[in-house]
Each structure stands twice: as structure tokens, then as C-alpha cells.
Amino acid sequence: MPPQRLRAIQKALMTWYRIHQRDLPWRRTRSAYRIWVSEVMLQQTQVETVIPYYRRFIRRFPSLSALASSDLEAVLKVWEGLGYYSRARHLLEASQIIARDYRGRIPRDLQVFLRLPGVGDYIGAAVLSIAFQKPYAAVDGNVKRVLSRLQAIDLPMNASASSRVFKHAAQALLDRDAPGISNQAFMEFGALQCIPRNPLCNCCPLRRLCKAYQSNTVKRLPNRGSRRTVPTRHVAVGVVYNRDRVLITRRAPRGLLGGLWEFPGGAIGADESARAACLREIREETGLSVTVGDHLATVRHAYTHFKVVIDVFRCAYQGGTVHLSGPVDFRWVSIAELDQFAFPSANKKFMHLLIRR
DNA sequence: AAAGCGGGGCT
DNA sequence: AGCCCAGCTTT
């Protein structure tokens with residue numbers, strides 16, 4: 001790239017950022033730990049969603065040592081509803097590794113930092129540039145979109161084969177005098193100005209530098225690649241009452257909704273009724289015999305790779321002792337105690353029906 | 001290289 | 001209904 005063009009882009013972005021940057025909680029700290037927490041939460045998650053979670057998390061775990069001495073149960077409760085729960089588990093594990101092996105200091109060496117669970121190219125570059133002024137370009141979805149337009153890069157954003165090109169382009173544009181601000185400027189510009197649909201080209205200070213704008217190809221960039229349609233799964237779930245307590249089970253720590261608590265249930269088979277599936281799944285998962293009573297709710301929920309329709313039934317404990325198959329733990333709890341446990345959002349959609357009955 | 005992994009907001 | 005979001009890990 002011509003050095004003149006390079007400097008013009010850097011200067012325009014930095015000027016734009018000074019004027020338009022948002023006042024965000026994690027921009028008011030120099031703590032590498034807090035910046036790291038924010039970056040983990042911001043993965044695939046919009047700023048407005050993250051803000052209240054970030055505040056609660058920092059209030060509950062103000063320092064890395066506070067987090068490291070906590071446990072998964074407590075961390076998931078704060079993370080409840082934010083999604084991608086492996087982020088929380090990895091953050092906890094990484095904090096414990098740092099406390100044990102690095103005397104509580106976040107590694108400033110990229111290769112060392114990248115070995116921690118949950119730390120990939122983006123988190124590594126973002127945290128080390130913002131907290132320690134290290135010269136690494138952070139490449140997220142915003143940056144790839146901005147680069148696609150600015151440099152007219154017609155490569156599918158979601159393909160791993162394209163990452164090398166985007167990373168190289170981003171590194172070339174990084175302002176090495178202020179890499180942390182430079183990275184944030186690129187991302188903020190993508191979030192506020194060079195937005196996915198209908199970018200604000202009319203008032204864009206970079207439009208004379210933008211190859212897509214100059215060639216009238218903004219509408220075709222970025223190249224989003226392809227994706228497939230998601231299937232729908234039908235699930236039956238039971239709220240099993242034994243006197244005034246209900247049964248909850250805990251999911252295995254890895255995989256979908258790892259470590260969260262839920263009401264037992266499972267997929268409805270072909271040629272199977274929802275009630276029959278409810279009875280069968282509870283017996284298979286917990287070994288308990290129940291009777292299936294009232295239909296409490298039908299809940300719809302969308303995940304990344306599938307949609308689910310959940311039929312929820314009130315059930316009554318009949319007999320047997322719990323022998324878990326699938327879940328890794330269980331509790332009999334009162335309705336009032338439910339809010340002490342972290343549940344998936346799909347469960348929260350019907351839990352309010354259980355209050356005071 | 002592709003799939004798995006949440007949830008919310010916007011069009 | 002589809003698309004997108006301050007991505008990482010596993011296979």
C-alpha cells in the first residue's frame with residue numbers, strides 16, 4: 001500500500017474515533033484483567049448487551065485473584081443469559097492458571113497469552129494492544145467488514161481461508177504509535193459508521209479513501225459467504241414436583257449450555273407424543289418414575305444451529321431414587337431457591353409460571 | 001476446513 | 001425469517 005494512503009486512512013480513522021467513540025465502562029479502566037473480561041464478553045455479542053453483564057461481573061469479581069478463587073457455579077450465575085458459556089468456563093480456568101503459574105500477572109507475551117484457554121488471535125491482540133500497547137492488529141467481524149469495503153477485498157468473511165488476508169491487511173493499517181486506540185478505532189468505526197446494512201457513506205470521512213465507495217461496490221461488500229438453514233427440534237420437559245420441591249439437573253461442563261441447570265427432558269421421537277417423551281426422558285435421565293400432568297407452556301427458542309420447540313409439563317414424583325444418566329448432578333429445590341442456579345434462557349421463559357403454585 | 005457453541009436486536 | 005454481532009475450540 002502506498003505510504004501516503006496508509007497515513008491518510010490512519011489519520012482519518014483516529015480523528016473520527018476521537019469525535020465519535022462511545023463512553024464504555026471498559027474504556028474507563030487500565031486494568032488488563034478488566035479489559036480482558038470485556039473482550040471475552042464482547043465475542044459475538046453486541047456492546048449494549050454486554051454492558052450490564054460487565055458491570056455485574058466486575059462488581060462480583062473485581063480482580064483476577066477474586067475470579068481465580070471462585071468456582072464455576074458462581075461464574076455461570078453471573079454469566080446466565082449471556083450465552084456461549086464455555087467463555088465463562090475458559091475465563092475462570094485461565095484466571096486460575098495465571099494465579100498459579102504467573103503470580104497473578106497476565107502474560108504480556110502474545111505466544112504465552114495465546115496458550116490460555118479461551119484466548120485466540122482476536123482476544124490476544126485486543127487485550128495486549130489495549131492494555132499493554134503491543135503492536136498486534138485485532139481482527140473481528142467489524143474489522144473484516146471495514147477492510148472488505150475500504151480495500152475492496154471480495155473474500156468470504158466467514159471462511160478460515162480468508163483470515164490470513166484480513167489479518168495481513170489489518171496489520172498493515174495498524175497505527176503502531178497507539179495500537180490499542182487504533183484497534184478500537186477500527187472496531188468502533190465498523191460498529192457505528194461502516195455498519196453491516198446501509199452503511200453511512202454519505203457522511204463518511206473515509207469515502208474518498210474507500211475502494212468500494214469509489215467503485216460503487218459497497219452494496220456487494222463484504223462478501224458474507226454462505227450458510228445453511230437451521231432445523232427445528234421438538235423437546236419435552238418436565239417440572240417434577242415432590243411435595244413443594246422440584247427436581248433440577250445439571251448439564252455436563254462441556255458442550256451445549258455446559259454447566260447450566262435445567263429441568264429434565266429431551267427430544268420427542270418420531271411417532272411419539274410430547275407426554276410420552278417427557279415420561280421416557282425423565283426416566284432415562286434420572287431413573288425416576290413420574291406421572292405427567294398439566295401442559296404448562298410451549299416455548300420457542302432459537303440457537304445458532306437449530307431451533308427448538310419445548311413442551312413443558314407439570315409432573316408428579318411417583319417413586320424411585322435418582323440415578324443420573326447424562327446430567328452430572330441434581331437437586332430438589334423450592335421454587336424460591338431456583339434463582340440461585342444458572343439456567344438457560346429457554347428455561348427462564350417458562351420459570352415465571354412456577355412462582356407460588 | 002468445517003462444525004459446534006447463545007442470545008438478542010434489527011430489517 | 002434471515003442476518004449480524006469486539007470468536008474460540010474441537011474434530
Side-chain angles (χ1 to χ4, degrees), chain A residues 21-22 24-27 35-54 76 79-91 93-94 113-127 129-130 136-146 156-164 166-167 170 180 182-192 194-199 222-232 251-260 262 299-308 342-349:
Chain A
Q21 65 169 301
R22 289 169 287 186
L24 302 173
W26 45 89
R27 291 193 176 143
I35 291 166
W36 181 17
V37 170
S38 75
E39 293 298 345
V40 173
M41 288 186 169
L42 285 162
Q43 287 175 48
Q44 302 295 96
T45 310
Q46 298 192 356
V47 165
E48 293 305 317
T49 304
V50 166
I51 290 173
Y53 281 92
Y54 173 83
L76 284 177
W79 209 271
E80 179 185 38
L82 193 56
Y84 283 144
Y85 298 94
S86 66
R87 294 183 295 177
R89 180 168 49 83
H90 288 146
L91 187 58
E93 292 169 0
F113 192 41
L114 284 172
R115 287 203 291 269
L116 295 167
V119 180
D121 286 347
Y122 170 77
I123 297 279
V127 173
S129 67
I130 296 170
Y136 304 116
V139 183
D140 72 337
N142 284 313
V143 172
K144 283 191 272 195
R145 182 175 60 257
V146 172
M157 280 207 319
N158 61 357
S160 51
S162 311
S163 65
R164 215 190 88 261
F166 285 115
K167 196 169 174 179
S182 177
N183 278 329
Q184 292 183 83
F186 261 91
M187 294 188 279
E188 192 81 333
F189 184 77
L192 299 181
C194 196
I195 54 182
R197 281 173 291 253
N198 306 317
N223 180 337
R224 294 181 173 85
S226 60
R227 58 182 72 203
R228 58 181 61 179
T229 60
V230 298
T232 297
R251 298 176 66 93
R254 294 172 186 275
L256 182 68
L257 305 170
L260 297 194
E262 65 182 1
V299 168
R300 293 165 202 282
H301 194 75
Y303 294 91
T304 306
H305 292 284
F306 62 95
K307 299 174 186 177
V308 65
F343 284 85
S345 288
N347 274 231
K348 309 265 317 184
K349 284 181 177 178

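Letters A, B, ... are given to chains in the order of the sequence lines, protein chains preceding strands, and every chain is numbered from 1.
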A:Val47 or A:Leu116, whichever maps to the more 5' nucleotide of DNA chain C: A:Val47
More than 12 foreign heavy atoms under 6.0 Å from CZ of A:Arg22: is that the case here? yes
Just wondering, are more than 12 heavy atoms of other shown residues or ligands nearer than 6.0 Å to CZ in A:Arg300? no
When rounded to the nearest Å, what value does the distance between C1' atoms of B:dT11 and C:dA6 take? 22 Å
Taking only the P atom of each, what is the distance from C:dC3 to B:dA3 in whole angstrom? 16 Å
If you look at every strand shown and take non-hydrogen atoms under 4.0 Å, does [X] touch a base, only sugar-phosphate, or nothing?
X	result
A:Val119	sugar-phosphate
A:Thr304	base
A:Trp26	base
A:Glu48	nothing
A:Tyr303	sugar-phosphate
A:Gly190	nothing
A:Asp121	sugar-phosphate

Between the main-chain N or O of A:Cys194 and the side-chain N or O of A:Arg145, is there a donor-acceptor pair closer than 3.5 Å? yes
Kindly say whether A:Gly118 contributes a backbone atom to a donor-acceptor pair with the side chain of A:Arg87 at under 3.5 angstrom? no
Looking only at N and O atoms, is any donor in the side chain of A:Thr49 or the base of B:dG8 less than 3.5 Å from an acceptor on the other one? no
If you check the [X] side chain, which of [options] turns out closest?
X	options	result
A:Ser160	B:dG7, C:dC5, B:dA1	B:dA1
A:Arg27	B:dG6, B:dA1, C:dA6	C:dA6
A:Thr45	C:dA6, C:dC5, B:dG6	B:dG6
A:Gln43	C:dG2, C:dG7, B:dG6	C:dG7
A:Ile123	B:dG7, C:dC8, C:dA6	C:dC8

Below the 4.0 Å mark, does [N] have OP1 or OP2 next to a side-chain nitrogen or oxygen of [X]?
X	N	result
A:Arg254	B:dG4	no
A:Arg145	C:dC5	yes
A:Tyr84	C:dC5	no

Between A:Gln43 and A:Tyr122, does any side-chain donor sit less than 3.5 Å from a side-chain acceptor? no
Quick check, does A:His90 stack with C:dC8? I mean ring centres under 5.5 Å and planes off by under 30°. no
